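Have a look at the structure below, then the notes.
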Protein chains: 4
Amino acid sequence: MRVDAARNRDRVLSAAREAVARGDTSLQLNELARRAGVGVGTVYRNFPTRQALLEALSEDRLLALLAEASAALAEADPSSGLRRLLRAVLDVLLADEAFAEVLAIRQEARSAAAGLKTRFDRAAEDLITRAREAGALRADVDAEDLRLMVCGVVHAARNNGGDTDSAAERYLAVLMAGLRPDPRSAVPRCGTRSLPPE
Amino acid sequence: MRVDAARNRDRVLSAAREAVARGDTSLQLNELARRAGVGVGTVYRNFPTRQALLEALSEDRLLALLAEASAALAEADPSSGLRRLLRAVLDVLLADEAFAEVLAIRQEARSAAAGLKTRFDRAAEDLITRAREAGALRADVDAEDLRLMVCGVVHAARNNGGDTDSAAERYLAVLMAGLRPDPRSAVPRCGTRSLPPE
Amino acid sequence: MRVDAARNRDRVLSAAREAVARGDTSLQLNELARRAGVGVGTVYRNFPTRQALLEALSEDRLLALLAEASAALAEADPSSGLRRLLRAVLDVLLADEAFAEVLAIRQEARSAAAGLKTRFDRAAEDLITRAREAGALRADVDAEDLRLMVCGVVHAARNNGGDTDSAAERYLAVLMAGLRPDPRSAVPRCGTRSLPPE
Amino acid sequence: MRVDAARNRDRVLSAAREAVARGDTSLQLNELARRAGVGVGTVYRNFPTRQALLEALSEDRLLALLAEASAALAEADPSSGLRRLLRAVLDVLLADEAFAEVLAIRQEARSAAAGLKTRFDRAAEDLITRAREAGALRADVDAEDLRLMVCGVVHAARNNGGDTDSAAERYLAVLMAGLRPDPRSAVPRCGTRSLPPE
DNA sequence: AATGAATGAGGGTTCATTCAT
DNA sequence: AATGAATGAACCCTCATTCAT
């Protein structure tokens with residue numbers, strides 16, 4: 001019966017993913033149960049709240065982002081590693097509207113997703129430190145800030161009248177540019193960073 | 001009875017403002033009527049939909065922002081004018097959570113608020129053009145982009161675990177920095193501000 | 001000011017007639033006021049209830065039917081006179097959906113329309129008596145019965161899936177045929193009535 | 001839980017029948033829920049619309065009428081079979097005011113009641129054909145016409161100031177008489193019933 | 001008189017959540 | 001465990017009628 005239970009859980013998750021892909025972010029547990037061909041009670045047993053469901057949906061995404069963070073850390077250029085990660089976050093958010101709720105909002109519960117998010121922030125913090133030390137990142141932002149600002153970018157892009165993706169592209173470019181340390185306030189060092197590499 | 005009607009309308013608006021100030025952005029017309037000490041019908045007469053109410057609430061804000069835009073245009077320095085306007089938008093958004101819905105979301109109806117928003121965008125466009133010509137603004141953003149990005153900043157700041165205002169401060173700084181034309185792609189000119197100091 | 005009042009009353013009546021002609025039988029006093037370009041209060045002053053309005057609308061119709069009754073009485077053939085009247089009632093009912101409410105429903109108020117309806121029934125009674133004496137009408141129907149049966153015919157015809165008018169035509173034919181005295185129960189007299197005149 | 005559900009459904013139906021018997025045809029789902037001692041949601045689950053409830057209420061009636069139609073078809077005399085069916089329809093309509101809405105009004109949905117109604121019409125059509133071939137029924141009416149005309153009879157009888165039942169009796173007699181083929185247009189045959197006795 | 005804003009009962013419908021089976 | 005019927009609070013909205021101006 002353990003197998004059955006797992007299959008039911010998966011059905012619900014599939015139905016939820018499908019709904020999100022369709023752009024329906026409401027994730028009403030009743031409706032979901034119907035679509036999943038499962039009783040409401042089953043949905044509730046597995047995901048007591050909409051938030052719990054959201055977080056379950058997010059685990060894959062968060063794991064993928066963690067992998068991205070590792071890959072980014074493996075890159076030689078700190079700046080490009082950071083850029084890579086931001087873009088990865090953006091892409092996931094664009095692909096999954098519901099994920100923003102998890103990525104942006106303060107978790108209360110001690111949940112798997114909350115743990116993953118923390119791990120992600122830690123990984124990002126490593127990238128951040130490295131980029132900052134390389135003079136490629138302003139000093140006043142931390143991992144949470146970056147995460148939220150990307151969410152902000154997506155939020156803005158989604159409200160754009162035209163193409164969401166291209167708007168997101170531009171807004172991310174602005175964000176990245178804005179993350180460079182202010183050249184005016186910088187203490188000049190050898191190999192001024194705001195100039196392109198020879 | 002014009003006087004009475006106006007008083008009732010104002011009561012509803014007051015109740016709505018109070019709710020928004022309390023952080024209740026739901027603006028349920030029934031509840032509002034109760035709070036305003038007014039029949040439901042009265043609310044519906046004045047504001048047929050939540051959207052209409054939102055827009056009515058926004059008119060003051062939009063007028064204030066229009067004034068700010070004028071003042072910003074009067075400033076000698078294009079860059080500082082633009083900065084001033086962005087900060088003004090941010091402040092209004094921070095003070096009025098509901099206003100973000102009007103500022104961010106595409107209006108459909110031919111409403112007073114929609115008109116004001118268009119006028120605001122036009123005023124911002126003037127600032128933008130001027131700033132761009134002065135080499136203080138990247139080429140790939142327009143008034144809508146700016147508006148939305150500030151909304152994004154507020155969105156991000158609100159989700160920040162710490163102090164919303166200080167987060168907003170930092171995110172706005174990042175945005176502004178990001179709006180400068182990319183120094184790497186810039187054609188160097190005499191006295192260009194965006195070059196690092198010698 | 002008497003003139004103004006009358007004009008207002010007429011405006012309301014016109015709006016009501018127009019609504020009925022459009023097939024909108026609800027006659028909501030609010031909506032009517034709006035269409036008539038008149039305050040709700042004015043409508044209420046003239047027509048305290050929907051019923052009152054209905055009756056006012058009916059007066060013309062009832063007068064026309066009274067005239068028809070006179071004309072029918074003037075016809076030489078009692079049977080054809082009766083037929084003529086039934087058809088006239090049917091035509092009015094088909095043209096004016098709201099009129100059925102007045103013609104079918106028991107009036108309580110001492111109203112002009114109630115009076116006219118009574119007068120109409122009296123006129124019809126004359127026709128009925130004459131037709132009955134001529135052996136052209138069964139004995140067990142009176143003026144109210146006839147009135148109601150024509151209403152029934154219209155009611156049935158309106159629910160017909162096809163063409164209302166042609167259904168009404170057929171149903172009226174059935175009604176008329178059914179009104180002839182039962183030949184089987186009749187006491188044979190010279191000049192059997194159920195045979196066509198030579 | 002099937003048992004429980006069925007019990008609740010029945011409670012609602014009972015409450016509805018009681019209301020109809022009381023003469024309250026409005027069948028407001030809220031009110032019904034209260035009377036049935038059941039949540040509103042339960043009513044909505046079982047009968048999403050007033051129409052659905054009406055149809056559910058009608059199924060018994062329609063089944064009974066179908067049985068009547070069979071019995072009528074079993075009668076030797078086509079004329080008396082038809083008479084029997086019309087009377088049965090009349091009796092049901094007199095006993096159940098709400099049923100008229102189902103019997104008279106064009107169904108849109110593919111519902112059980114619609115199906116039964118169609119079956120009833122078909123059964124009636126058999127009777128009609130037989131009666132027509134026996135020279136006992138005029139040619140220009142079909143099953144729908146009959147059904148609607150009986151509805152018309154009830155409609156008329158209900159508006160009668162006196163006793164509804166006796167009015168219905170008379171109106172049905174008129175209807176039945178009217179359904180005989182017109183003797184004047186008939187081709188005389190040996191032993192034709194519709195000729196007056198010598 | 002006329003106006004039309006105000007009223008608020010009334011009715012409709014949804015959906016998160018519980019719980020009997 | 002799973003089911004899915006039941007619940008009913010919570011919203012939404014309309015419209016007949018009143019009444020201050």
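Letters go in sequence order (proteins before strands), and every chain restarts at 1. As the structure is a computational prediction, the values presented were derived from the model and not from experiment.
The nearest pair of heavy atoms linking B/Val102 to B/Lys117 is O-NZ, 2.8 Å. When all heavy atoms are compared, the tightest approach of C/Leu148 to D/Ala156 is O-CB, 3.3 Å.
Each of C/Gly39 and D/Thr49 has a nearest nucleotide on DNA chain E; the 5'-most of these lies closest to C/Gly39. Annotation: of the two residues near DNA chain F, C/Pro48 and B/Tyr44, the 5′-most nearest-nucleotide partner is B/Tyr44. Comparing C/Gly41 and C/Glu31 against DNA chain F, the residue whose closest nucleotide sits nearer the 5' end is C/Glu31.
What separates CZ of B/Arg34 from P of F/dA9 is a distance of 16 Å, to the nearest Å. Atom C1' of nucleotide F/dA2 and atom CZ of A/Arg7 are separated by 11 Å, given to the nearest angstrom. With rounding to whole Å, A/Arg9 atom CZ is found 12 Å from F/dA2 atom P. Residue D/Leu29 contributes atom CG, which lies 17 Å from atom P of E/dG10 at whole-angstrom precision. Taking atom CG of B/Leu32 as the reference point, atom C1' of F/dC11 lies 14 Å away to the nearest angstrom. Remark: P of E/dT3 and CZ of C/Arg11 are 8 Å apart, rounded to the nearest angstrom. Rounded to an integer number of Å, the gap from CG of C/Asp4 to P of E/dT3 is 9 Å.
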- Message: Reading 5' to 3' and counting Watson-Crick or G-U wobble pairs with both distances under 3.5 Å, write the dot-bracket notation for DNA chain F, | for bases paired outside the strand.
- Response: .||||||||||||||||||||
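Comparing atom distances between the A/Asn8 side chain and each of F/dT3, F/dT7, F/dG4 picks out F/dT3 as nearest. Ranking E/dA1, E/dT3, F/dT21 by closeness to the C/Thr42 side chain, first place goes to E/dT3. When each of F/dA6, E/dT17, E/dT14 is scored by its nearest atom to the side-chain atoms of D/Asn46, the top-ranked nucleotide is F/dA6. You'll find that the side chain of C/Gln28 is closest to F/dC15, out of E/dA5, F/dT7, F/dC15.
Using a cut-off of 4.0 Å between Lys/Arg side-chain N and Asp/Glu carboxylate O, C/Asp60 and C/Arg17 are scored as salt-bridged. By the 4.0 Å N-to-carboxylate-O rule, C/Glu101 lies close enough to C/Arg50 to be salt-bridged with it. Taking the charged nitrogens against the carboxylate oxygens, C/Asp4 and C/Arg11 have no contact shorter than 4.0 Å, which rules out a salt bridge.
B/Cys151 places a side-chain heavy atom less than 4.5 Å from the side chain of B/Leu93.
A donor and an acceptor atom sit less than 3.5 Å apart, one in the side chain of A/Asn30 and one in the base of E/dA16.
An OP1 or OP2 oxygen of E/dA2 is reached within less than 4.0 angstrom by a side-chain nitrogen or oxygen of C/Arg45.
Of the possible polar contacts, one joining the B/Ser111 side chain to the B/Ala114 backbone as a donor-acceptor pair under 3.5 Å is found.
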